[in-house]
Each structure stands twice: as C-alpha cells, then as structure tokens.
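Input: a single structure, listed below in structure tokens.
In this text the structure is predicted, and so the values were computed from the model without any measurement. Letters A, B, ... are given to chains in the order of the sequence lines, protein chains preceding strands, and every chain is numbered from 1.
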There are 2 protein chains.
Amino acid sequence: MDKIDSKLLRLLQQDASRTNPELAAEVGLSPSSCLRRIRRLHEAGVIDRIVAILNPAKAGRTMKAIITVELERHGEQYIRRFLDMATREPAVIQAYSVSGETDAILMLRLKDMDELDALTERLFREETNVARYYTAFVIRTGKETTEIPVG
Amino acid sequence: MDKIDSKLLRLLQQDASRTNPELAAEVGLSPSSCLRRIRRLHEAGVIDRIVAILNPAKAGRTMKAIITVELERHGEQYIRRFLDMATREPAVIQAYSVSGETDAILMLRLKDMDELDALTERLFREETNVARYYTAFVIRTGKETTEIPVG
DNA sequence: CTTGAAAAAAAGTGCCC
DNA sequence: GGGCACTTTTTTTCAAG
C-alpha cells in the first residue's frame with residue numbers, strides 16, 4: 001500500500017467508471033501495471049465492490065430520517081435481535097448498535113410518511129423491546145459520501 | 001421507468017462491475033437495448049455515479065462514530081455555517097441538518113481516538129456556536145448499504 | 001520479481017432495420 | 001426493441017530491465 005495505491009483508491013472512490021488507461025495516466029503508470037495493482041486491491045479485499053449510486057430524489061426516495069433507539073433490556077442478545085429485525089427492512093440503509101445511552105441508530109430512506117408509519121409500527125411494537133425512540137428528519141444534506149479517506 | 005429499469009437499477013446498485021451482456025441476459029434484453037436503457041438512466045440522472053466501495057478495516061479506518069449536535073443559536077444561517085464547517089472535514093462522511101431538538105447529525109470514519117480528538121477540537125470550540133454534542137461509537141454494524149429501494 | 005508492450009478476446013458504440 | 005459492423009477496452013502472453 002504505497003502512495004500510488006492510495007491515489008488509485010481515492011480516484012476509484014470518486015469515479016469507478018474511468019477506464020484503466022485513464023487511471024494509469026493519472027497515477028503515472030503503464031496500463032498493465034495499473035491494472036495489476038487494481039486487481040491486487042480487489043483480491044486483498046481493500047476494494048469491496050463497485051456499485052452504482054442513485055440520485056434519491058429521481059429514484060423516488062426523497063425522505064431521509066435518522067432514528068435513535070433505546071431498548072428496554074440492553075443485553076447483547078437483545079441488541080442483536082433488534083438490529084437483525086431492522087436490517088430486514090429495505091428502507092433501512094444503515095443500522096448500528098452504539099455506545100452510550102442510545103442502543104441503536106438507524107438511517108432510513110423513505111418514499112413518504114406512510115412508509116415510515118408502517119415501518120415504525122413493525123419495529124417499535126410492544127414485543128420489540130424498545131423503550132424509547134426518537135425520529136429526526138433530514139432537512140438538509142451537507143455531505144453524503146461513500147469515500148473513506150486513505151493514505 | 002418500468003419493471004426492467006427497476007431491475008437494472010437494483011442490479012447496478014448491488015454490483016456495477018457487471019458487463020452489459022451479463023446485465024442484458026439477466027433482465028432478458030438484447031445487449032444493445034440494455035445499454036440504451038442504462039445510458040438513459042445515466043443521462044436522466046437517476047444513476048448519479050459509479051464508485052468503488054472500500055473495506056474500511058482494510059483501508060485503515062476502523063472507527064466509526066455518530067455525533068448529534070445541538071447549536072446555541074438555531075437560525076438557518078447558523079446551521080448552514082456549522083454544516084459547511086463539518087463538510088470540510090475528510091473524516092466526516094455524512095453531515096445532515098435535522099428536525100427536532102438536535103440540529104445536526106454527523107457520521108464519522110476515523111483512524112483512531114486522536115483523530116476524533118483533533119476533530120472535536122476544531123468543530124466544537126467556543127466560537128462554533130455548539131451548545132451540546134453527544135458522541136456515539138459504533139459497536140456493531142448490522143447493515144450498511146448504498147442501495148436505495150426501487151420499484 | 002516487477003514493469004512495459006503487443007496481440008487476442010471481449011465489451012461498448014452507433015447506425016440500421 | 002433487436003441485429004450487425006466498427007471502435008475501444010480489457011485481458012492474456014511475452015520479452016526486457
């Protein structure tokens with residue numbers, strides 16, 4: 001993982017549709033060595049996958065909400081159970097268990113309020129062990145990147 | 001945006017490294033029509049971009065934290081100023097202004113505690129108009145996808 | 001053992017129906 | 001939407017530092 005690998009990762013995180021010769025020129029390598037490096041990064045698992053990022057508005061998912069959850073019983077198995085349940089919801093795009101007073105945080109991509117209503121009904125029923133939950137709606141997105149700083 | 005477009009978007013969100021002939025076979029179309037659809041989705045802006053997703057651990061960014069922020073003065077211009085400042089931090093991968101008691105929520109990707117320390121020092125100094133902030137560390141990631149439900 | 005170059009295979013592109 | 005010629009890119013192989 002030298003300087004060139006870092007630069008490749010940075011470039012690929014910004015735009016993975018670039019062709020190999022383009023990338024090679026940008027990092028100052030021959031296309032063949034460049035390709036070898038990229039393949040190595042893939043095989044090492046540093047590059048996990050290549051995906052298409054959609055425009056949420058144009059894909060009909062305008063609403064974004066963040067829900068912080070506090071469970072009734074905080075044991076590891078209860079948190080795991082709740083996370084598993086949340087994970088099964090397509091509208092849940094991120095689900096974490098966290099330290100502190102809050103047990104879990106969910107990030108949601110929603111079509112409308114009805115979808116949120118149905119989802120909260122499923123996740124926060126009596127039997128689900130949820131003590132409290134707080135829903136914050138995203139008003140403005142200052143930044144939203146998949147890019148991890150490297151190097 | 002018919003059934004086939006939705007399926008294409010779903011496939012591309014999961015793995016955009018697939019070749020056009022492969023995609024065409026999966027949705028039951030000829031390669032040329034398939035390519036036409038994908039290009040149309042690009043031009044319409046439904047597909048925003050193609051990116052590489054890294055494995056955070058293997059890229060040396062193991063720590064993840066979520067910070068909820070409450071500002072002293074809640075006016076639109078103050079929130080905007082804070083978001084702009086947070087956005088400039090490379091470790092901040094998501095920054096939102098939200099409804100409710102909390103004014104902003106930040107998602108961080110960190111290398112270590114020192115990096116968090118330096119960042120909080122910059123963002124939550126006296127002059128930054130922050131009344132309170134609460135840092136939650138991610139213990140377990142139940143789900144983390146860039147995939148938006150379509151169709 | 002790593003790098004660059006060239007040939008072969010495959011994919012992407014544009015135009016026709 | 002499908003088919004076909006044309007171009008570009010990717011991938012393999014091979015030679016050189």
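In this structure, A:S33 reaches the sugar-phosphate backbone alone: every heavy-atom distance under 4.0 Å involves primed, P, OP1 or OP2 atoms, never a base. Base engagement by A:S32 is indicated by at least one non-hydrogen atom pair under 4.0 Å involving a base atom. As judged by a 4.0 angstrom heavy-atom cut-off over every strand, B:R37 is placed among residues touching the sugar-phosphate backbone only. If you check every strand for non-hydrogen atoms under 4.0 Å, B:R36 touches a base. B:S30 comes within contact range of at least one nucleobase, with a heavy-atom separation under 4.0 Å. Backbone-only contact: A:P21 has heavy atoms under 4.0 Å from sugar-phosphate atoms and none from a base.
Looking at heavy atoms from C-beta onward, A:L29 lies in side-chain contact with A:R37 at the 4.5 angstrom threshold. Two residues are said to be in side-chain contact when any heavy atoms from C-beta on lie closer than 4.5 Å; B:T128 and B:L123 fail this criterion.
Under a 3.5 Å cut-off, the side chain of A:S6 and the backbone N or O of A:D2 do form a donor-acceptor pair.
When rounded to the nearest whole Å, the span between CD1 of A:I38 and C1' of D:dT10 equals 11 Å. Nucleotide D:dT10 holds its P atom 15 Å from the CD atom of B:E22, rounded to whole Å. Remark: P of D:dT8 and CG of B:L35 are 16 Å apart, rounded to the nearest angstrom. Atom-to-atom, CG of A:L23 to P of D:dT9 comes out at 12 Å; the value is rounded to the nearest Å.
Where DNA chain C meets chain A (any atom under 4.0 Å from a heavy atom), the bounding nucleotides read 5' to 3' are C:dT3 to C:dA5.
For the side chain to side chain contact (heavy atoms under 4.5 Å, CB included) test with A:T68, the passing option among A:L106, A:T102, A:T135 is A:T102; the others fail.
Scanning both residues, A:V150 and B:A59, for their nearest heavy atoms gives CG1-CB, 4.2 Å.
Within a 6.0 Å radius of CD in A:Q14, other residues, nucleotides and ligands contribute more than 12 heavy atoms.
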